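Residue indices begin at 1 and follow the sequence shown. These numbers were taken from a predicted model, which means no experiment stands behind them.
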Amino acid sequence: MVKEKAGNLKSSVWKHFTKVKVDGQDKAQCNYCKKYLGGKSKNGTTHLHGHYRSCLKRKMNPKNQTVFTPKLNAKGKQEMVAATYDPENAKLELAKAIIIHEYPHSIVDHHGFKRYSASLQPLFHVPSRNTIKKEIIKIYESEKMISMKLLDTNEGRVAIPSDMWTSGSQKRGYMAVTGHYIDSSWTLQSCILRFIYVPAPHTRAIPTTSTMLDEMGSDNEDESMLACSGAQEMMDIN
């Protein structure tokens with residue numbers, strides 16, 4: 001079997017077939033089920049369109065699953081719109097839900113959750129705990145980059161309060177560093193700059209806010225730290 005270049009194949013159906021030579025004969029191989037069909041110019045493309053519409057392998061491909069989802073229109077009314085199922089986007093949304101609602105990573109191992117997911121979309125494979133952890137870290141790295149770019153382009157100062165607390169359910173201590181600043185449109189913006197686990201009790205030695213920010217890194221080499229009252233600091237981004 002020898003693959004050939006698409007050449008002057010103008011029909012859009014050729015996006016789903018590959019022109020090849022099999023025993024010296026021109027054939028069109030389906031990109032989904034790998035079946036061979038007539039590929040000569042005199043064969044036309046009607047048979048290719050017919051196979052494309054009926055190909056079970058294509059229909060079973062998760063990326064080609066069309067579902068109907070509710071969406072608000074311009075008038076604020078809810079209506080059903082067609083959307084294509086994307087397993088990668090479903091995995092991303094699951095990771096975001098775990099972050100927003102502070103679900104344990106082990107939720108993906110729960111039998112009830114797997115049954116619920118299967119009832120919504122049987123084709124969705126619930127990721128493992130390690131996989132969803134990697135997805136959450138990817139979201140963190142992306143949001144971290146966005147926050148640092150916003151701070152580096154900010155023309156004013158950034159208030160940096162730090163806060164510590166102990167989780168009631170986990171009995172663990174945490175420390176968060178948040179940045180508050182006024183953007184170019186004079187709107188107050190806030191973003192979490194750093195979040196770490198600090199073993200209780202909080203009387204033991206802990207990282208300073210400056211140290212935590214240094215670990216994050218910044219493209220701005222002119223930043224300077226000015227002490228404020230309590231656990232707060234001010235960072236001049238000029």
Side-chain angles (χ1 to χ4, degrees), residues 57 59-72 78 80-151 160-180 189-218 231:
K57 285 285 186 180
K59 293 181 178 181
M60 292 175 62
N61 189 334
K63 292 187 177 181
N64 296 317
Q65 295 295 316
T66 301
V67 295
F68 290 91
T69 58
K71 185 178 180 181
L72 293 179
Q78 191 178 80
M80 300 300 290
V81 296
T84 302
Y85 167 64
D86 184 351
E88 289 300 315
N89 184 63
K91 182 172 66 174
L92 175 64
E93 290 300 325
L94 172 58
K96 289 181 177 179
I98 291 175
I99 294 172
I100 294 172
H101 300 290
E102 300 181 7
Y103 296 140
H105 294 175
S106 60
I107 190 175
V108 296
D109 297 328
H110 296 173
H111 180 63
F113 179 76
K114 290 183 177 181
R115 290 185 56 181
Y116 172 70
S117 298
S119 69
L120 295 177
Q121 176 52 269
L123 294 174
F124 178 61
H125 176 68
V126 178
S128 66
R129 194 182 307 192
N130 287 335
T131 300
I132 204 66
K133 178 181 178 181
K134 292 178 182 178
E135 193 71 25
I136 291 173
I137 292 176
K138 282 169 57 178
I139 295 174
Y140 162 74
E141 292 294 342
S142 175
E143 293 297 324
K144 171 184 172 182
M145 187 177 298
I146 294 174
S147 297
M148 295 309 296
K149 285 183 179 179
L150 288 174
L151 292 178
I160 308 178
S162 59
D163 186 28
M164 298 187 66
W165 74 95
T166 301
S167 170
S169 58
Q170 298 178 338
K171 303 300 181 183
R172 291 186 173 185
Y174 296 94
M175 180 177 182
V177 178
T178 309
H180 304 282
Q189 302 287 353
S190 300
C191 59
I192 296 178
L193 303 178
R194 199 77 163 85
F195 186 92
I196 65 169
Y197 163 59
V198 180
H202 296 164
T203 54
R204 60 177 294 172
I206 60 173
T208 63
T209 304
S210 300
T211 302
M212 293 174 66
L213 292 175
D214 287 340
E215 292 176 356
M216 286 188 64
S218 173

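The side chain to side chain donor-acceptor pair (under 3.5 Å) test applied to Glu143 returns no partner, not counting sequence neighbours.
Other residues, nucleotides and ligands contribute over 12 non-hydrogen atoms within 6.0 Å of the CD atom of Glu141.
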N/O donor-acceptor pairs under 3.5 Å from side chains in residues 130-137, not counting sequence neighbours:
{"unit_1": "Thr131", "atom_1": "OG1", "unit_2": "Ser128", "atom_2": "OG", "d": "2.9"}

Contacts under 3.5 angstrom, residues 108-120 side chains, donor-acceptor by atom type, not counting sequence neighbours:
{"unit_1": "Asp109", "atom_1": "OD2", "unit_2": "Arg129", "atom_2": "NE", "d": "3.1"}
{"unit_1": "Asp109", "atom_1": "OD2", "unit_2": "Arg129", "atom_2": "NH2", "d": "2.8"}
{"unit_1": "His110", "atom_1": "NE2", "unit_2": "Ser106", "atom_2": "O", "d": "3.3"}
{"unit_1": "Ser117", "atom_1": "OG", "unit_2": "Phe113", "atom_2": "O", "d": "3.0"}
{"unit_1": "Ser119", "atom_1": "OG", "unit_2": "Tyr116", "atom_2": "O", "d": "2.5"}

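Using a 4.5 Å cut-off on side-chain heavy atoms (C-beta onward), His180 and Pro161 make contact. For the pair Val198 and Met164, the minimum side-chain heavy-atom distance is below 4.5 Å. In this structure, the side chains of Leu92 and Ile139 come closer than 4.5 Å at one or more pairs of heavy atoms. With contacts defined as side-chain heavy-atom distances shorter than 4.5 Å, the pair Cys191/Leu150 does not qualify. The shortest distance between side-chain heavy atoms of Lys91 and Glu88 falls below 4.5 Å.
Pairing each heavy atom of Phe195 with each of Tyr174, the nearest pair is CE2-CD2, 3.6 Å. Looking at every heavy atom in both residues, Pro87 comes nearest to Phe124 through O-CE1, 4.1 Å. Annotation for Val177 and Ser162: closest pair CG2-CB, 4.3 Å, computed over non-hydrogen atoms.
Atom CD1 in Ile160 sits 10.0 Å away from atom OG1 in Thr178 (nearest 0.5 Å).
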